[in-house]
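Each chain gets a letter, A, B and so on, in the order its sequence line appears, and its residues count up from 1.
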2 protein chains.
Amino acid sequence: MARKPNQSPERGDARTRLLEAARDIIRQKGFAATSVDDLCRSAGVTKGAFFHHFKTKEALGVAAAAFWSQTTGALFSAASYHAPEDPLERILAYLEFRRSIIGGETFEYTCLVGTMTQEVHATAHPIRDACAESIFGHAATLEPDISAAMRLHGITADWTAESLARHTQAVLQGAFILAKAAGNAELARESLDHLIRYVRLLFGQTAAL
Amino acid sequence: MARKPNQSPERGDARTRLLEAARDIIRQKGFAATSVDDLCRSAGVTKGAFFHHFKTKEALGVAAAAFWSQTTGALFSAASYHAPEDPLERILAYLEFRRSIIGGETFEYTCLVGTMTQEVHATAHPIRDACAESIFGHAATLEPDISAAMRLHGITADWTAESLARHTQAVLQGAFILAKAAGNAELARESLDHLIRYVRLLFGQTAAL
DNA sequence: AACAATACCGACCGTATGGTATGTGTCAAT
DNA sequence: ATTGACACATACCATACGGTCGGTATTGTT
């Protein structure tokens, strides 16, 4: 029997399938515990394909972080939380949106780059740099709304829009850790509730939820 | 030359030295990326000693989490934040204390069990269970003060002391992730500031910091 | 002193891992 | 029709890894 190469899954998408596999498996097992063979098996490709697209495993990590930035960036920019006219309402809608997508299996709602950051955070580590860009890049998208809300509500505070934007991401990341520890997504939502209450209090609303 | 076994470091402390090495190295590289040889080298012991004290590498992970609970538990129970008479002041003093010990190299102030949780959070994983016990056990030590403060300040809220205690730990864990991503401890302190402001607002104080 | 238990050493083993070298099928341009 | 670039596949390699094993000091007990 002559060779029957694997071309049932469309040819040319091995790279994407590897990145999707990385996104899911690394969120379950972490970067170091995820082997190249794991990724190839899950993506349905061979090692040759892997190292054709990525020079090293580390290069895949960097690419996975970039892939994460792109896909989640598209998700967020298309989401409806940008609709309200009041910038504070947009912020609260963002947080509600983040809360609403927490559920199902842990690896389905937690953050890839947050997970990888925990493992590889030596200074000047390329994966860490890619993760940092993803996290802080996303945080930066919140700043305009926060600044606008501060102006509109006449807030003169000892905190900055930048710091609050980063804090929202810190709460999200920490919420994921507690949810992972307990194996319970509800714990993540619980912290999101506290964050939403905090933002309301900051802008002078009483803590009605 | 006859054999000259390693007995300059006092005999009998190999286990402790391995746990200390695990505490430091796992916080730098993560659990999976930390090899048994790494630990032995850092602790100045041999593999024989390692597997004499720990049946498997996973068993060391569990023991390291327990060791972490014990040592940090002793640190916290001896700390001076318990002194104030007003329970709210004790809570704020706790958060200030947590803030004050953030500094230096990343691996010196971040949380071992938070780091390990990110990697091994399959259900029924013994390391994850040990990490969860450490995190939620510590959170539980805050509940009495929060409950007392709620009573004293006449707070009837839609949140519980338990959930706020957990939220403080979520913020801490998330603050560590951002600090790791940026390689900057200041980012962790920044989130702690927001958390302190939140607690003040919750208990009716204005956000003076 | 004899003995047993404990703590530790260091060589060794099987396997899994990241990575390489080479080959093969596909497609587009010439 | 030929060529060359690309996207894979297959077989293979060197090493690093977790773990084992037989042995040797040291300590406590009787």
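Between Phe76(B) and His82(B), a ring centre-to-centre spacing not shorter than 6.0 Å is recorded.
A cation-pi contact, defined as under 6.0 Å to the ring centre and within 45° of the axis, links Lys57(B) to Phe31(B).
For His53(A), whose side chain is taken as the heavy atoms from C-beta onward, the closest listed nucleotide among dC17(D), dG18(C), dA7(D) is dA7(D). Among the nucleotides dG10(C), dG19(D), dG18(C), the one closest to the side chain of Lys57(B) is dG19(D). Side-chain atoms of His52(A) lie closest to dA7(D) of the nucleotides dT10(D), dA7(D), dG18(C). Among the nucleotides dT10(D), dC17(D), dT17(C), the one closest to the side chain of Ser35(B) is dC17(D). Listed nucleotides dC8(D), dG19(C), dT20(D) differ in distance to Ala49(A); the shortest reach to its side chain belongs to dC8(D). Ranking dC8(C), dC8(D), dT20(D) by closeness to the Asp13(B) side chain, first place goes to dC8(C).
Two residues, Gly48(A) and Arg41(A), neighbour DNA chain C, and the one matched to the more 5' nucleotide by heavy-atom proximity is Arg41(A). A residue-by-residue look at Asp38(A) and Lys55(A) shows that Asp38(A) has its nearest nucleotide of DNA chain C further toward the 5' end.
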Residues Arg17(A), Glu20(A); criterion salt bridge (Lys or Arg N to Asp or Glu O under 4.0 Å); working and verdict: CA-CA 5 Å; Arg17(A) 300 180 54 169; Glu20(A) 289 168 349; over 6 Å; no
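Here the C1' atom of nucleotide dA11(D) and the CZ atom of Phe51(A) are 15 Å apart, to the nearest Å. Taking atom CG on Asp37(B) and atom C1' on dC12(C), their separation rounds to 13 Å, with Å as the unit.
With Leu60(B) as reference, Leu39(B) is the one residue of Thr34(B), Val36(B), Leu39(B) to meet the side chain to side chain contact (heavy atoms under 4.5 Å, CB included) rule.
In terms of polar N and O atoms assigned as donor or acceptor, the side chain of Lys47(B) never comes within less than 3.5 Å of the base of dG10(C) in a complementary pairing.
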